[in-house]
Amino acid sequence: MTSGGSADKPGMADLALSLAGGEPRPARAVVRKLARHLARILVVVLLGGFLGATLVRVAPGYGVDSEELDSRLSAESLRAARRAAAPQEGLFPFYLHFCERLLHGDLGESRLLHMPVRQLVAERFPETAKSVGLGLALAWTAGLGLATAAVMTAGGVDLLAGLLASVLVCIPAAVLALLFIMVQAPARLAIGLILFPKVFQFARNLLADAAARPHVLAARARGAAGVGVFLRHVLPVAGPQLLALGGISVSMAFAAAIPVEALCDLPGIGQLAWQAAMGRDLALLVDLTMIVTLLTLLANSAADLAGLGRP
Amino acid sequence: MKRWILCLGLIFATVSTRCAGAQPGSELRFCIPSDPRTWNPLLVEDDASETIRYLTGGVLVRLNRQTQQLEPELATAWKVSRAGNAISFTLRRNVRFSDGSAFTARDVAYTIAQLMDPALHSPTGDAFRAAPGKVITRIADPYQITILFPAPVVGLAKLFDQVAILSATSPEHERAVLGPYQLADYRGGSFVLLRRNPNYWKHDSAGRPLPYIQSVRLDIEQNRDIELLRLLRGEIDLIGSLSPESYDRLSAKAPGMAVDAGVSLDSEQMWFNQAPSAPIAEYKKAWFRSTNFRRAVSESIHRDDIIRIVFHGHARPAVSWISPANRAWFDSKLAPHAFDRSEALRLLAHDGFTLVNGVLHDRAGHAVEFSLVTNAGNTPRERMAAMIQQDLAAIGIRVHVVTLDFSSLIERITRSLNYEACLLGLVNDDLDPNAQMNVWLSSGENHQWNPGEKKPATAWEAEIDRLMRAQAASLDAKKRKQDVDRVQEIVWKQEPFIYLVDKDALMAVSPNLHNVSPVALRPQVYWNIDWLWLSNSGSRRP
């Protein structure tokens, strides 16, 4: 083992890997992997932003404003409104200036809401974080709980939970969100139900796979307690994959938050993204594209890194 | 397992109870469709900002939405000069802004200077701009001011209904207001909270301060179905504008809450693209420029069916560009275009069109077909387009309905002009026809069927130009009415816009809200906000 300075004294990464059930790896390799991930995140976020900017710029309706139909406006004001809405510079210069401003922490101003994007994101992000957090908590509590019950008990729970997951996976996210409004339940819980089938199905398969290993079957055959076998021999085997699933479920939750917030008028970044798209708000859309891309990549990378310990 | 289910149930119930809002205190609640785009009352253009301006802004004179007459507010008296280019106001004394600063003529002068600043591009200010030149204000004393315009401005006094007076001295700038409410809180995408202005000058006959309602909470809600659901649950007290479907649904569930205040100022119309630069086939432009073609299309559309099926009876066949709700300017001599397919075919035959095997062809043998664009997501409009398609199929015209999102639609009708026909509704808040100069002058950018003409393309457009300019320059109300009537007649005959229906003003009002007198003009329900009160919220009955 040649892990440099960390050979005798394991670092946090090694410790994390140990906890994840894998063998400790050289710290340098972990650092290299982290650096690769960060570089990839940076490149993809920048590309995502550029792609977002390109799509908005070429979208029909970019550079026009409903204000133009206001018959009260004089010809001069109308021209001024058109000038203000029209692109001030080409796509590449715009994006270069945009990135330059971004480096200084300036996210630009929303043309639609006449507010700094930074302020809008700061106001709206906690709402989305709340929705995503609540949705993840519900999906994981119900999904992992039912998956565990399905693996630990006889076929009834498995059948019912599987049926529920199948039904939920068939219902479009928008319909689920509207159902929550109809029954006066918080619409953000819909995110939980959108995620539940995925979490349940994956978790159930992983746990069932781990529970079918020969040593687990042998332990059970010898009369070992079910909970003890599950905690000592099933969960640790499925653990790294479940962690990976956790990372992916974060990005799925953000994806689900956009239609739910837009439909249910929850004032989060999902609703903001919808408004920005409808109003062709370039700065706002590019910023939101980059933020959502960043969050998705971070979640995926976290999942990837968590899976380093897999055999 | 049972424990798990119980825990989940408890979490769900707890969160549900916390979020199903209860209505506290004397607070009026209703929804606005979006975040306000501006807090500056001089730059208002969207509905949400307009609502806030109406509730917070103090104006010199107010148009009574019921009588359609001007009433004194911050000005106790006013007088327009004989030449029509000046107006003198006598201001109310002992009035204070919400921040405590005194209201004087200086504030009016400051507001006018801001409003008429050419760099501001205020839609409100543009209504005052009859000719280039500087606007001068003369302050005789702290309560007397005269405003001089470079040219006569028709309907001058009424325009001040839209001008919220700003404070010249307050460090709070536009947050210092003279209206019944002031901004208390705002959470982006969620709500705007207005609280009663403690310095509001109005009192009732018993000396009690107005408005009666302590606060107004404006929830930002784009989804109209959710808005209706919230009304039925008692979470909001009114809806200013209902769709016909929502009106019927509400009438079935809570008949006392649905209100039809009669015909509104809003119309639905279609028009053909006649612009020479439009990227469409020349032979199609020739059809669209033909008065007979346009009239034939108009007479083939069964407006009564549209009203019955699309608007559930809550609309009238449209006659003119001025709605019958505009009592002063509507030309009552005009009658709706009759539904008459044989007359339509006769008009088409006159232009050389022939009907062969159920398909209409022009002289050159081109089958008559065109696309009709409209905005996606507006269900009544989409249904209207489908009905027009069906009606015109009966005279051999094939219509392709194309729905576009609003931004794309605006781009097509204002920039690329890449469309053949458009179905759209115009919202009109101003009673004076002068507010529509940009639509009717052939050089206007909002002259939708052929925007920005260098010179009038037709004799009748030249005549409209002449009449509109004459009415804009005249201070003789009778002469103005004659000119505007004549324009309405020309438009009725030529049909550059094919007016289809004038929609009714449909709204919903909770039975807990009192002193409500719904009207067709905006804001239909709360135009007399000072006098409204809520019965279930602890506010004293006046």
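Naming convention: chains lettered A, B, ... in sequence-line order (proteins, then strands); numbering from 1 in each chain. It should be emphasised that the depicted structure is a prediction, and the values quoted were computed from it without experimental measurement.
Side-chain contact between A:Arg280 and B:Ser408 is present, with heavy atoms from C-beta onward closer than 4.5 Å. The side-chain heavy atoms of B:Asp35 and A:Gln275, taken from C-beta on, include a pair separated by under 4.5 Å. When side chains are defined from C-beta on, B:Asn446 does not count as touching A:Glu68, because their heavy atoms never get closer than 4.5 Å.
The choice from B:Gln436, B:His121, B:Arg129 that makes the most heavy-atom pairs within less than 4.5 Å of chain A is B:His121. The candidate from B:Ser34, B:Gly452, B:Ala435 with the greatest count of non-hydrogen atom pairs under 4.5 Å with chain A is B:Ala435. Ranked by non-hydrogen atom pairs under 4.5 Å with chain A, the options B:Asp46, B:Thr414, B:Leu424 are led by B:Thr414.
Of the two parts of A:Arg82, the backbone and the side chain both hold a non-hydrogen atom closer than 4.5 Å to a non-hydrogen atom of chain B. Of the atoms belonging to B:Asp405, it is side-chain heavy atoms, and not backbone ones, that fall under 4.5 Å from chain A. The contact between A:Leu69 and chain B is made by backbone and side chain atoms together, counting heavy-atom distances below 4.5 Å. Neither the backbone nor the side chain of A:Gln119 comes within contact range of chain B; no heavy atom of the residue lies under 4.5 Å from a heavy atom of that chain. Of the atoms belonging to B:Arg187, it is side-chain heavy atoms, and not backbone ones, that fall under 4.5 Å from chain A. Only the side chain of B:Arg415 has a heavy atom closer than 4.5 Å to any heavy atom of chain A. For B:Leu120, no part lies under 4.5 angstrom from a heavy atom of chain A. For A:Gln271, the part sitting under 4.5 Å from any heavy atom of chain B is the side chain, from C-beta outward, and nothing else. Interface residue A:Leu178: only side-chain heavy atoms are found under 4.5 Å from chain B.
Checked for salt-bridge contact, A:Asp265 and B:Arg230 miss the test: no charged N lies under 4.0 Å from a carboxylate O.
Scanning both residues, A:Leu263 and B:Asn223, for their nearest heavy atoms gives O-ND2, 3.2 Å.
To the nearest 0.5 angstrom, B:Tyr186 atom OH is 6.5 Å from A:Glu123 atom CD. Between the SG atom in A:Cys264 and the CD atom in B:Glu221 there is a gap of 9.0 Å [rounded to 0.5 Å]. One finds the CG atom of A:Leu78 at 9.5 Å from the CG atom of B:Asp126 (value rounded to the nearest 0.5 Å).
With hydrogens and angles ignored, the 3.5 Å screen pairs a side-chain donor or acceptor of B:Ser407 with a backbone N or O of A:Met278. Under a 3.5 Å cut-off, the side chain of A:His114 and the backbone N or O of B:Arg37 do form a donor-acceptor pair.
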